[in-house]
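Below is one structure, written out as structure tokens; the observations come after it.
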Amino acid sequence: MSSPDIGSILESSKELDRVRKEEEDVLSEINKLHKKLQTKYGYSSLEAILFALVPCRFREAPEVVEKPGDNSLARLRLLYTQAKDLSENEASISNLLISQIDALLPTGPQGQTRRRIGKGNEQKRKRVKTESDISRLTPSMRHQLETCASLKGEQVAARVTPRNADKDEWFVVKVIHFDKESKEFEVLDEEPGDDEESSGQRQYKLPMGNIIPFPKINDPSSAPDFPPGKHVLAVYPGTTALYKATVVQGHRRRKTEDYVLEFDDDEEDGSLPQRTVPFHKVVPLPDGHRQ
């Protein structure tokens, strides 16, 4: 291989290092803004992560009113645009380097018999490919996947109905596994109900957008401080189903760490009864929720 070819590989490597360094700087600025917004609007650490990393359908977009002269959200949007562009640039340079290095690899002597790849080796190739794909993701995306994988064994809120269904049905389920390659959750509905059609435990494979983690049961500070009048999704008392409700009183204003809620379509004697729900069974209402 000629020296100009080696030089082009070195130049590509330097450019890749530069892009990754710039990407790290942008992500650092994004994290600083997350902390600022978290402090300003009262979001928990988990809420800040989900708002930052997961598409809007994953959780309710925050109701934010910026003060004059405060351009935090505009700055955050610009930083995400820069992060996206840098990520795409990183992928392009990586592909260029792969093609340059491939040109260095020997093709093998004439007539050499190729080794047959058995089933075991094929599985290894798939595993290596998956790990390689994950390693090429941006730090933000890797963090998102790790957060989802850490939910194994936890109870979460899950929409088990397809997106085109007439209404959304949300249940409490247990996470069995998260596949980083397909980005799908495998969950178990441990108490599907006592009717004939839903008797017995059921398993579902659901995309990331169908899952909302609950606040940590031993950490009330991890729960958002939803103000009175805020619409939320909450577990109806005595069931494992979640329904739309309106906050009457937030959990941080009560010594019991519970919310006081009024559930939609829960009318009794012409009025909506106020029901108490633990803070760790209340999550933001997803955008476009149908009930």
Side-chain angles (χ1 to χ4, degrees), residues 44-47 49-60 119-120 122-219 222-223 233-236 239-243 278 280-291:
S44 67
S45 298
L46 180 58
E47 281 292 303
I49 291 172
L50 294 179
F51 169 46
L53 301 179
V54 184
C56 290
R57 67 175 183 273
F58 193 87
R59 59 175 300 273
E60 186 180 54
K119 182 178 181 180
E122 182 66 22
Q123 291 175 342
K124 291 179 181 178
R125 280 182 52 187
K126 290 180 179 179
R127 184 168 61 251
V128 170
K129 179 179 182 299
T130 301
E131 293 172 350
S132 177
D133 289 343
I134 293 175
S135 67
R136 286 199 294 267
L137 295 174
T138 64
S140 293
M141 287 301 298
R142 288 200 299 270
H143 187 91
Q144 177 185 352
L145 295 178
E146 292 299 330
T147 299
C148 291
S150 69
L151 294 173
K152 182 178 180 180
E154 299 283 342
Q155 285 191 332
V156 296
R159 188 184 74 224
V160 299
T161 48
R163 183 164 295 277
N164 59 354
D166 293 334
K167 64 178 183 178
D168 297 335
E169 293 184 358
W170 288 80
F171 299 125
V172 178
V173 299
K174 181 179 179 180
V175 176
I176 300 174
H177 178 68
F178 176 71
D179 190 324
K180 293 182 180 179
E181 183 177 8
S182 64
K183 298 179 178 60
E184 284 187 330
F185 282 92
E186 185 176 347
V187 301
L188 176 66
D189 186 0
E190 298 176 287
E191 300 180 28
D194 54 6
D195 57 283
E196 293 183 359
E197 293 184 359
S198 62
S199 59
Q201 296 182 340
R202 288 187 175 183
Q203 291 190 18
Y204 299 92
K205 285 189 175 182
L206 302 173
M208 293 168 60
N210 286 36
I211 299 295
I212 302 179
F214 286 118
K216 297 296 183 182
I217 190 173
N218 58 349
D219 183 11
S222 68
L233 198 64
V235 179
Y236 190 85
T239 75
T240 57
L242 291 92
Y243 299 96
H280 59 274
K281 294 298 183 183
V282 181
V283 297
L285 185 72
D287 288 337
H289 177 72
R290 294 162 294 183
Q291 182 169 312

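At least one donor-acceptor pair under 3.5 Å links the side chain of R290 to the backbone N or O of A165. Without hydrogens or angle criteria, D179 side chain to E184 main chain gives no donor-acceptor distance under 3.5 Å.
A distance of 9.0 Å separates CZ of F171 from OG1 of T239, quoted to the nearest 0.5 Å. Here the CG-OG1 distance, from D168 to T161, works out to 4.5 Å after rounding to the nearest 0.5 Å. The distance from atom NZ of K152 to atom CD of E186, rounded to the nearest 0.5 Å, is 10.0 Å. Expressed to the nearest 0.5 Å, how far CZ of F178 lies from CD1 of I211 amounts to 10.0 Å. Rounding to the nearest 0.5 Å gives a distance of 12.5 Å between CZ of F185 and CD1 of I176.
Proximity of K281 to Q155: side-chain heavy atoms (C-beta onward) are separated by under 4.5 Å at one or more points. Between R159 and H289 the shortest side-chain heavy-atom distance does not fall below 4.5 Å.
Residues passing the salt bridge (Lys or Arg N to Asp or Glu O under 4.0 Å) test with E154, sequence neighbours excluded: K216.
Here the shortest heavy-atom pairing between E191 and T240 reads O-OG1, 3.4 Å. For P213 against V283, the heavy-atom pair with the smallest separation is O-CG1, 3.7 Å. Between V175 and L151 the shortest heavy-atom distance is CB-O, 3.3 Å. In terms of heavy atoms, A157 sits closest to F214 at N-CE1, 3.5 Å. Between D189 and V172, the shortest heavy-atom contact is OD1-O, 3.9 Å. Closest heavy-atom contact between P284 and I212: O-CD1, 4.0 Å.
Counting non-hydrogen atoms of neighbouring residues, nucleotides and ligands closer than 6.0 angstrom, the CD1 atom of I217 reaches no more than 12 such neighbours.
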